[in-house]
Amino acid sequence: AENAFEYANVSFDLYRNPDVHPRVRIEHEPIVVQSRTAATGLMLHNLRRRDAHAVVEGQPAIEPRSASDVETAAERAEIVEYSANHIVIDAELKQPAMLVLSENVYPGWQATLDGADVDILTANLFMRSVAVPVGKHRVEMIYRPDSVWRGVMISSGTLVFMGLLLLIRRRSLMRRRTSLAAATED
C-alpha cells in the first residue's frame, strides 16, 4: 500500500493528517468553562468536529470577540523561537482573542505578554492558551518550575552551612595548635 513502510525488518503504516490544527492558532470564540468536568464533557461532544472552538478553563483576562465581527485575514500568530524551555510567539490581532498553543499544560510554565506576566489557561484539556488584546504583541512562555528554585536554594543553603562548619572546624584546629604550641614552650 501507499502508506506502508519497512525499517529494520519492521513494517509500519505512516499517515498524514490533512486536518491538523497549526502549532499556534488564534481563537476568537472560545467556549469558556469553569471546571475540568465541563471541559471534558464539551471535548467529548465535539471530538470529531474540525470546526469546534477551543474549550478554555478559567476566566480569560480579556473578552474575545466573535469571528463574524472580525477581519481575520490580516491576523497572524507565528512561533519565532522554539526550544524545550522557551517559546516566543509574535501575534497581530484585529480583535481580542485567545492564542492556543498545541503544547501540554504543565506546572512551571510562565507566560508574559509584552514583558508583563499573564495567566496561562488550559485549552482543550491539555493545551496552553493566553488571552491577547488587539494589536501587535509578543508572547513568551518560559519553563521555570518552582522545584528547580527550591533545589537551588536548598543546595546553596547546604553549601553555605558546610562552608561555615569547615571554617569553624579550621578555627578550632588553629586554636588547638596555638594552645599546644604555647604549652610546649612553657
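Below, all heavy atoms of this structure are taken into account, side chains as well, without hydrogens, waters or symmetry copies.
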Where the side chain of Glu81 meets the backbone of Ile87, is there a donor-acceptor pair that is under 3.5 Å apart? no
May I ask you to check whether His137 and Glu92 show a side-chain donor-acceptor distance below 3.5 Å? no
Does the side chain of Asn85 reach to within under 4.5 Å of the side chain of Ile142, using non-hydrogen atoms? no
How long is the span from the OG atom in Ser156 to the CZ atom in Phe161, to the nearest 0.5 Å? 15.0 Å
Do the side chain of Ser172 and the main chain of Ile168 share a donor and acceptor less than 3.5 angstrom apart? no
Are Ile79 and Val130 co-members of a hydrophobic cluster defined by side-chain heavy atoms under 4.5 Å apart? yes
For a 4.5 angstrom cut-off between non-hydrogen side-chain atoms, does Gln110 reach Met141? no
Atom CZ of Arg144 with >12 non-hydrogen neighbours under 6.0 angstrom: no
Just one of Leu93, Ile26, Asp114 clears the side chain to side chain contact (heavy atoms under 4.5 Å, CB included) bar with Val132, so which one? Leu93
Step by step, would you call Trp109 with Ile120 a side-chain contact (heavy atoms from CB on, under 4.5 Å)? CA-CA 8 Å; Trp109 279 99; Ile120 295 177; 3.9 Å; yes
Working to the nearest 0.5 angstrom, can you tell me the gap between Arg25 CZ and Leu101 CG? 11.0 Å
Got Leu113 and Pro133 here, is their nearest side-chain heavy-atom distance under 4.5 Å? yes
Do His28 and Gln95 get their side chains close enough for a donor-acceptor pair, meaning under 3.5 Å? no
How about Val139 and Leu99: do any of their side-chain heavy atoms sit closer than 4.5 Å? yes
pair Val80-Arg138: side-chain heavy atoms closer than 4.5 Å: yes
How about Tyr82 and Arg23: does a side-chain donor come under 3.5 Å of a side-chain acceptor? yes
Closest non-hydrogen contact found for Glu27 with Ala97 is O-CB, 3.5 Å
Could you walk me through whether Val160 and Met162 pass side-chain contact (heavy atoms from CB on, under 4.5 Å), step by step? CA-CA 5 Å; Val160 167; Met162 295 301 287; over 6 Å; no
Using side-chain heavy atoms (C-beta onward) and a distance below 4.5 Å, is Glu57 in contact with Gln34? no
Tell me, with the steps shown, if Glu103 and Met127 meet side-chain contact (heavy atoms from CB on, under 4.5 Å). CA-CA 5 Å; Glu103 293 278 332; Met127 296 178 186; over 6 Å; no
Identify whether Val105 and Leu125 are in the same connected component of the hydrophobic contact network (ILVMFWY, side-chain heavy atoms under 4.5 Å). no
Same cluster for Val118 and Val32 if Ile/Leu/Val/Met/Phe/Trp/Tyr side chains link at under 4.5 Å? no
Atom CZ of Arg169 and atom CG of Leu164: how far apart are they, to the nearest 0.5 Å? 15.5 Å
When Met43 is tested against each of Ile31, Asn124, Val33 for side chain to side chain contact (heavy atoms under 4.5 Å, CB included), which residue passes? Asn124
Nearest 0.5 angstrom please: Thr122 OG1 to Asn104 CG, how far? 10.5 Å
Step by step, work out the side-chain contact (heavy atoms from CB on, under 4.5 Å) result for Arg150 and Asp146. CA-CA 6 Å; Arg150 281 189 293 243; Asp146 290 339; 4.0 Å; yes
